[in-house]
Amino acid sequence: MAEIVQQRIEDRIPELEQLERVGLFTKKEVKSVVKRVTALEYKLHRLIVNKEDFIAYIQYEINVLELIKKRRAHIHYKFKREEIEFPIIHRIHGIFRRATKKWKDDVQLWLSHVAFCKKWVCKAGIPFLHVKSYASYPPWQARLLVSALWIMAAKSELEDQDSSESARHLFLRALRFHPNNKKVYQEYFRMELLHAEKLRKQKAELEKAEIDLFSPAILSGRLADVVYKDATGKIKEAEFVISLLNIAAIFDFTKELQDSILQDLQTNYAADSLMWDFMARRELEAPGLGEEHHSAKARALDINRREERCCQLYEEGLRVISTEPMWSRYLDFCLERLKRKTNVQELKEKVKKWSRWTEVWMTEVLLSDAEGAASVAMAATERYHKSVTTWSLSLQTLVQLGSGDPARLFQEALTHVNPKESLPLWQLQLQWSTANQTPEDTEAIFKSAVPTVAMEMKDSYLNWSYTTGGYKKARKTFKSLQENRPLSKSFFTRMVEIEKEQEAPKMNHLREYYERALQEFGTSDDDLWLQYIQEELSTLGQPENCGKIHWRAMKFLEGESVERFVSKYTLLQTGHA
């Protein structure tokens, strides 16, 4: 073992001599490098090696590369890259290869290698890296690979190597292991259309020379049609079909394919409210009658015609499936258009139909009958006193009309509804209180809401405190709530953001927030540890603390979160995170 390590150290001598000769490293620094890499090499040649040892070695070599890069910029020295950086990059590739050979099933390790290739301009090796990684897997193991990796590999072949054939081969192999994966099918479908578009552009150039090398079927996107039929035969969902239609719509030569997909959508998914919603909203973007709308009146008439066609399709859908989801989509559309101040009276009537269907006649508001609207709102809450939706709509109406005693009505509503479903009412009450009551009254509502909907309300309470009382108020609120479980990660990260927004943020406060957050989420949230490390790497922090945080993360994280942390930390070191 010692002989191998010694040989590897001796192989470094030329580059180390160059570093010292050109003034990038001092003699003392060169000795430090030799001492450090000797220790790292010995770790890689033990009988039992750890993946962390390989990653630590890679990180050290990358740090050396980054330091050389900064020193070059500082002294404006641009020569001898082949003798200095290239051997280091080649050595890092070697360490990655040794690691991935031993841990073939570590997806993040492969991604880290790819990230390194991209950062240090080794793009020619990326597709090969992907293909090699998959080729080394037996079928049972390849099945475990996430679909995103197959897609990444195929895209790399298409974009970096300009090889649609290799990309197609990878997509087909991916579908062997992920036969019902929507994302794989979507990207495969997109790839075939991109391939057809590229061939069409090439054909346009060759036509000048009167050369015809391309099949009309391929140019029209027939291969994409094959992918579409295979995908929809396995994944029978309207949302998935619509996603493929949206991809096809990007390309200007797919009208026939789009028509075919639309026909399938209407034929096979007539019982799906999403299909009717999509077809109706599609009318808003449909081509006009060819006239140019120079005047505002002409444009308004055109919009009215489109909205009327949308309503007709929704009505047709309701005749086929008069379900709550169908009514909900119809109501959402009507309310969206009403917010745009449309003049189509029919839309107002549609909202009234919905109200009749739910026996809540809230459309009196739209007809400017304040007294009638208030009466309807009160009647609705009496009949559906346990419905959060009914209380929300009624209270919004009453508040808008200035009718009744809102404070009393909010309290009444909260006594009737299920506390677990009461969040919308608390949010509505706070919105009203902020606009109409004193800050003391609003804070009292926050304090009443926290025990009932703690996790959701704490974030709002913290933001409100910062907005109304500034940093000191926010910090006081944070301290009063930080031990009141349940807690959300966003509660802590928002306090971090507030601290960083100050003119002179304090690093000891940031550490306090991170440490408190890690008490709650430190065993499972690898991203939180990484954010803490990044904070120490910033101008406010102390980079020497990163090692201790890394050690603690490795100790406290559990299960798969450990692997994710190690891989993401490596990506951070490569500049990919």
Side-chain angles (χ1 to χ4, degrees), residues 4-44 53-100 109 111-129 156 159-160 530 533-547 550 567-577:
I4 298 174
V5 172
Q6 187 61 34
Q7 182 60 49
R8 292 187 182 277
I9 299 302
E10 289 177 1
D11 291 341
R12 289 174 171 268
I13 292 176
E15 72 193 60
L16 292 173
E17 288 177 344
Q18 289 289 359
L19 282 169
E20 185 179 349
R21 185 179 300 118
V22 301
L24 291 172
F25 277 23
T26 65
K27 187 174 183 178
K28 183 178 179 181
E29 287 173 331
V30 169
K31 287 183 178 180
S32 175
V33 170
V34 172
K35 182 178 179 181
R36 179 62 175 149
V37 298
T38 301
L40 291 168
E41 282 286 354
Y42 271 110
K43 286 185 178 181
L44 297 193
D53 294 332
F54 281 90
I55 293 173
Y57 199 168
I58 291 169
Q59 289 170 356
Y60 181 76
E61 293 284 18
I62 290 172
N63 290 341
V64 171
L65 272 178
E66 293 286 359
L67 182 58
I68 292 172
K69 183 178 178 181
K70 291 179 180 178
R71 295 274 177 88
R72 281 185 177 277
H74 182 68
I75 66 174
H76 305 290
Y77 185 78
K78 301 179 181 179
F79 308 103
K80 296 189 179 293
R81 295 185 186 277
E82 295 83 358
E83 300 173 32
I84 298 175
E85 280 94 340
F86 286 11
I88 301 175
I89 293 172
H90 178 73
R91 190 160 49 250
I92 293 173
H93 280 308
I95 302 170
F96 266 121
R97 282 193 292 269
R98 289 161 66 187
T100 51
L109 200 56
L111 284 177
S112 298
H113 196 178
V114 173
F116 175 76
C117 289
K118 289 183 176 179
K119 180 173 177 61
W120 294 95
V121 197
C122 312
K123 293 183 178 179
I126 292 175
F128 171 74
L129 184 63
S156 186
E159 297 169 3
D160 298 331
L530 286 167
I533 289 172
Q534 287 176 311
E535 213 67 69
E536 291 289 4
L537 290 172
S538 70
T539 54
L540 292 173
Q542 295 177 329
E544 58 268 26
N545 290 341
C546 293
H550 180 276
S567 301
K568 290 177 181 178
Y569 187 65
T570 302
L571 290 173
L572 175 64
Q573 294 297 307
T574 62
H576 191 67

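Checked against side chain to side chain contact (heavy atoms under 4.5 Å, CB included), Gln542 has the following partners two or more places apart in sequence or in another chain: Arg511, Glu536, Glu544, Asn545. Judged as a ring pair (Phe, Tyr, Trp, His ring centres under 6.0 Å), and not counting sequence neighbours, Tyr57 has no contacts. For the side chain to side chain donor-acceptor pair (under 3.5 Å) test, no residue two or more places apart in sequence or in another chain qualifies with Asn63. The side chain to side chain contact (heavy atoms under 4.5 Å, CB included) search around Glu10 returns Gln6, Gln7, Ile13, not counting sequence neighbours. Here Lys69 pairs with nothing under the salt bridge (charged side-chain N to carboxylate O under 4.0 Å, His left out) rule; sequence neighbours left out. Looking at residues two or more places apart in sequence or on another chain, you find a ring pair (Phe, Tyr, Trp, His ring centres under 6.0 Å) between Tyr77 and Phe79. By the side chain to side chain donor-acceptor pair (under 3.5 Å) test, Glu85 pairs with Arg72, sequence neighbours left out. Looking at residues two or more places apart in sequence or on another chain, you find a salt bridge (charged side-chain N to carboxylate O under 4.0 Å, His left out) between Glu15 and Arg91. Residues forming a side chain to side chain contact (heavy atoms under 4.5 Å, CB included) with Thr38 (at least two apart in sequence, or on another chain): Val5, Ile9, Val34, Tyr42.
Between atom CZ of residue Arg36 and atom CD of residue Glu61 there is a gap of 10.5 Å, rounded to the nearest 0.5 Å. Atoms CG and OG1, from Leu19 and Thr26 in turn, are 10.5 Å apart once rounded to the nearest 0.5 Å. Annotation: the span from Ile58 atom CD1 to Ile95 atom CD1 amounts to 6.0 Å, rounded to 0.5 Å. To the nearest 0.5 angstrom, Leu24 atom CG is 4.5 Å from Ile75 atom CD1. Note that the CG atom of Leu44 and the CD1 atom of Ile4 stand 11.5 Å from one another [nearest 0.5 Å]. Here CZ of Phe54 is found 11.5 Å from CG of Leu40. Values are rounded to the nearest 0.5 Å.
Under the 4.5 Å side-chain criterion, counting only non-hydrogen atoms from C-beta, Ile88 is in contact with Ile68. Within the 4.5 Å cutoff, no side-chain heavy atoms of Leu16 are placed close to those of Phe25. With a 4.5 Å cut-off on side-chain heavy atoms, Ile92 and Leu65 count as touching.
Relative orientation of the His93 and His113 rings is tilted, given thresholds of 30° and 60° on the angle between their planes.
Nearest heavy atom pair, residue Tyr60 against residue Ser32, reads OH-O, 4.3 Å.
Sorted by first and then second residue, the salt bridge (charged side-chain N to carboxylate O under 4.0 Å, His left out) pairs with a member in residues 17-32 read Glu29-Arg71; sequence neighbours excluded.
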